[in-house]
Q: 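Questions regarding the structure given below will be posed in turn.
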Amino acid sequence: MTDSQVPENRGKLARRTVLMASGAAVTAVGVGGALSVNASAEEAAPKTHASAETCYTLTSELVEGPYYIDADKIRRDITEDQEGIPLTLELKVIDADTCKPLRNAAVDIWHCSATGVYSGYESSGNGGGGPAPTGPPPSGTPTGEPPTGGPGGGGGGHQEPTDDDRFLRGTWHTDRHGHVTFKTIFPGWYQGRAVHIHTKVHVDGTWTDAGYEGGHTCHTGQFFFDEKSVLASAEVAPYSANTSTRTTLTEDTIYPQNGHTGGLLYLKYDKRNIAKGVRAHLTMGVAPDETHDSSDTQPSPSASPSAS
């Protein structure tokens, strides 16, 4: 299938329509040599709620942030011409009550570039808060007090795009096993936030020749990377040119500090050369009958409303 772009539609999801794309399947990035793994090779057995009726812990609902563009590109490879460490993101979406996979759910992901810039908002600069970084490489380890807020200009709600670029954004459907795989790059960082990827899951819509229509958003969240992998990435160009103050995972005011339930990814990569590529995976437990479009998910009280 070939990728297609459609006009933006920021109305209710019930009215969202996006063009389908077709083309060859994306080949996953291979990772050889000695591997660094931030958890066991396979995810631990599903964690159980106190209620015996639930088979899996719900993945945390987190704020959408100001830079979401509704299903702008239907594709699995969202890299475009962006430089960075290859990242293969493998997700499985299940009903947290039944553990049954969600088939044909529409999954959105979007994140900043290696230098902290979001497509569609390039004129806003690094993280929407100033010019893209220049100058000598950072030391890789944050110093001083953690930032009190997110990128400037983020505001508390959605920001209108400033340009037509759409790199590092994409939407694809889950298969009959609830799996969906994206090819992208390891995200960079900007002041006020740890390294992260945004995500949404839409269900009960219909995939047609015209696109994905109807349905509702049952999950809005973010994925996170452990500190070891981020420090390793900071030694690789173009990440090494990012002079923005970096926020660690423990300092981040959006990450709920609850491990994989909060979106912390399982990672595999060559610890001697992360530049070869990273594989990330996670199972997302969602409530398909509920609506979580970010209007009900706000940052923690200590977070700035501009955090994204």
Side-chain angles (χ1 to χ4, degrees), residues 37-40 42-44 46-47 49 54 56-68 78 87-96 102 105-112 118 127 150 168-172 174 178-182 184-190 192-203 217-230 233 246-269 278-288 290 292-294 296-300 302-303 307-308:
V37 184
N38 71 345
S40 60
E42 299 298 329
E43 293 187 36
K47 294 168 284 184
H49 274 310
T54 302
Y56 201 94
T57 300
L58 283 167
T59 300
S60 300
E61 298 292 331
L62 300 176
V63 67
E64 174 187 292
Y67 306 127
Y68 177 57
I78 67 173
L87 173 68
T88 299
L89 178 62
E90 300 170 342
L91 304 170
K92 182 176 183 180
V93 185
I94 65 172
D95 183 324
L102 294 188
V107 180
D108 301 325
I109 67 167
W110 69 102
H111 62 84
C112 70
Y118 282 93
L168 306 180
R169 298 178 180 274
T171 303
W172 198 253
T174 57
H179 294 142
V180 61
T181 299
F182 291 96
T184 183
I185 64 168
F186 198 98
W189 62 88
Y190 48 90
R193 288 305 316 277
V195 175
H196 64 285
I197 294 175
H198 293 268
T199 188
K200 281 181 177 286
V201 178
H202 312 284
V203 295
T217 304
C218 71
H219 176 70
T220 297
Q222 299 183 27
F223 303 122
F224 298 90
F225 298 78
D226 63 31
E227 194 69 6
K228 184 177 180 180
S229 65
V230 175
S233 73
R246 191 173 62 78
T247 299
T248 66
L249 196 60
T250 55
E251 293 170 337
D252 191 87
T253 53
I254 303 299
Y255 175 56
Q257 309 297 329
N258 57 349
H260 303 296
T261 300
L264 183 64
L265 293 165
Y266 293 87
L267 304 177
K268 293 182 182 179
Y269 56 91
V278 177
R279 281 186 176 275
H281 72 97
L282 193 68
T283 295
M284 304 164 63
V286 303
E290 299 180 9
H292 295 286
D293 58 7
S294 195
D296 61 343
T297 55
Q298 300 300 322
S300 64
S302 61
S308 62

Q: Please report the shortest heavy-atom distance between Leu62 and Ile254, naming the atom on each side.
A: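 Result for this residue pair: CD2-O, 3.6 Å.
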Q: Among residues at least two apart in sequence or on other chains, which ones pass side-chain contact (heavy atoms from CB on, under 4.5 Å) with Ala287?
A: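 In terms of side-chain contact (heavy atoms from CB on, under 4.5 Å), with neighbours along the sequence ignored, Ala287 is linked to Leu58, Glu290.
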Q: How far does NE2 of His219 sit from NE2 of His292, to the nearest 0.5 angstrom?
A: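 With rounding to 0.5 Å, NE2 (His219) is 9.0 Å from NE2 (His292).
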Q: Tyr68 and Asp108: side-chain donor and acceptor closer than 3.5 Å?
A: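 Their side chains do contain a donor-acceptor pair, which is all the 3.5 Å distance test asks for.
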Q: Considering only heavy atoms from C-beta outward, does the side chain of Val93 approach that of Val107 to under 4.5 Å?
A: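 Yes, side chains in contact.
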Q: Please determine, by modelled atom types, if Thr184 and His111 share a side-chain donor-acceptor pair under 3.5 angstrom.
A: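 Yes, because at least one side-chain N or O of Thr184 sits under 3.5 Å from a partner of the opposite role on His111.
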Q: So, are Glu227 and Arg246 salt-bridged, with charged N and O less than 4.0 Å apart?
A: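 Yes, Glu227 and Arg246 are salt-bridged.
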Q: How far apart are the closest heavy atoms of Trp189 and Cys112, and which atoms are they?
A: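 Here Trp189 and Cys112 meet closest at N-SG, 4.2 Å.
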Q: Are any non-hydrogen side-chain atoms of Thr181 and Leu91 less than 4.5 angstrom apart?
A: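 SC-SC contact between Thr181 and Leu91 ruled out.
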Q: Could you give the distance from CG (Leu265) to CD1 (Ile197), rounded to the nearest 0.5 Å?
A: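 The distance works out to 6.5 Å.
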Q: Just so I know, are the side chains of Tyr269 and Arg279 near enough to count as touching, which here means a heavy-atom distance under 4.5 Å?
A: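 Answer no - side chains too far apart.
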Q: Identify the heavy atoms of Gly262 and Pro256 that sit nearest to each other, and give their distance.
A: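 So the minimum-distance heavy-atom pair works out to CA-CG, 3.7 Å.
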Q: Can you confirm whether the side chains of Thr261 and Asn258 place a donor and an acceptor under 3.5 Å from each other?
A: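 Judged by distance alone, the side chains do not pair up.
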Q: Quick one, Phe224 and Asp252 - any side-chain contact, counting heavy atoms below 4.5 Å?
A: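 With C-beta onward as the side chain, the pair touches.
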Q: Take Tyr56 and Met284 through the side chain to side chain contact (heavy atoms under 4.5 Å, CB included) test and state the conclusion after the steps.
A: CA-CA 9 Å; Tyr56 201 94; Met284 304 164 63; over 6 Å; no
Q: State, with a plain yes or no, whether a side-chain heavy atom of Trp110 is found less than 4.5 Å away from one of Ile78.
A: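 No - every pair of side-chain heavy atoms lies 4.5 Å or more apart.
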Q: Rounded to the nearest 0.5 Å, what separation is found between the CG atom of Leu267 and the NE2 atom of His281?
A: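 NE2 of His281 is found 8.5 Å from CG of Leu267.
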Q: Please find the pair of heavy atoms, one from Val195 and one from Pro187, that lie closest to each other, and give the distance.
A: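 That would be CG1-O, 3.6 Å.
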Q: Write down the atom of Ala96, the atom of Gly285, and the distance for their closest heavy-atom approach.
A: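 For Ala96 versus Gly285, the nearest heavy atoms are CB-C, 4.0 Å.
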Q: Is any side-chain heavy atom of Tyr266 closer than 4.5 Å to one of Leu282?
A: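 Counting from C-beta outward, Leu282 and Tyr266 do come under 4.5 Å.
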Q: To the nearest 0.5 Å, tell me how far Glu61 CD sits from Asp293 CG.
A: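 It comes to 9.5 Å.
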Q: Are the side chains of His198 and Glu64 in contact, using a 4.5 Å heavy-atom criterion?
A: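 In short, these two side chains do not touch, never coming nearer than 4.5 Å.
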Q: My understanding is that only residues two or more places apart in sequence, or in another chain, count here; which of them pass ring-ring contact (aromatic ring centres under 6.0 Å, His included) with Phe223?
A: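 Phe223: no ring-ring contact (aromatic ring centres under 6.0 Å, His included) contacts found.
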Q: Hey, could you give me the NZ/CD1 distance between Lys200 and Ile109, rounded to the nearest 0.5 Å?
A: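 Answer for the NZ-CD1 pair, Lys200 versus Ile109, is 14.5 Å.
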Q: Between His202 and Thr217, does any side-chain donor sit less than 3.5 Å from a side-chain acceptor?
A: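 Side-chain D/A pair, His202 to Thr217: present.
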Q: Could you list the residues that satisfy side-chain contact (heavy atoms from CB on, under 4.5 Å) with Ala105, not counting sequence neighbours?
A: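 For Ala105, the residues satisfying side-chain contact (heavy atoms from CB on, under 4.5 Å) (neighbours in sequence not counted) are Leu102, Thr174, Val201, Val203.
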Q: Are any non-hydrogen side-chain atoms of Phe225 and Leu87 less than 4.5 angstrom apart?
A: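 Yes. Closest side-chain heavy atoms under 4.5 Å.
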Q: Quick one: do Glu90 and His179 satisfy side chain to side chain donor-acceptor pair (under 3.5 Å)? Show the steps, please.
A: CA-CA 7 Å; Glu90 300 170 342; His179 294 142; over 6 Å; no
Q: Look only at the side chain of Tyr190 and the backbone of Ala194, and say whether a donor-acceptor pair between them is shorter than 3.5 Å.
A: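 Not confirmed, Tyr190 side chain does not pair with Ala194 backbone.
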Q: Looking at every heavy atom in both Cys218 and Pro288, which two are closest together, and how far apart are they?
A: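 Result for this residue pair: CB-CA, 3.9 Å.
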Q: Any donor-acceptor pair under 3.5 Å linking the side chain of Thr199 with the backbone of Gln222?
A: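 It does not hold such a pair.
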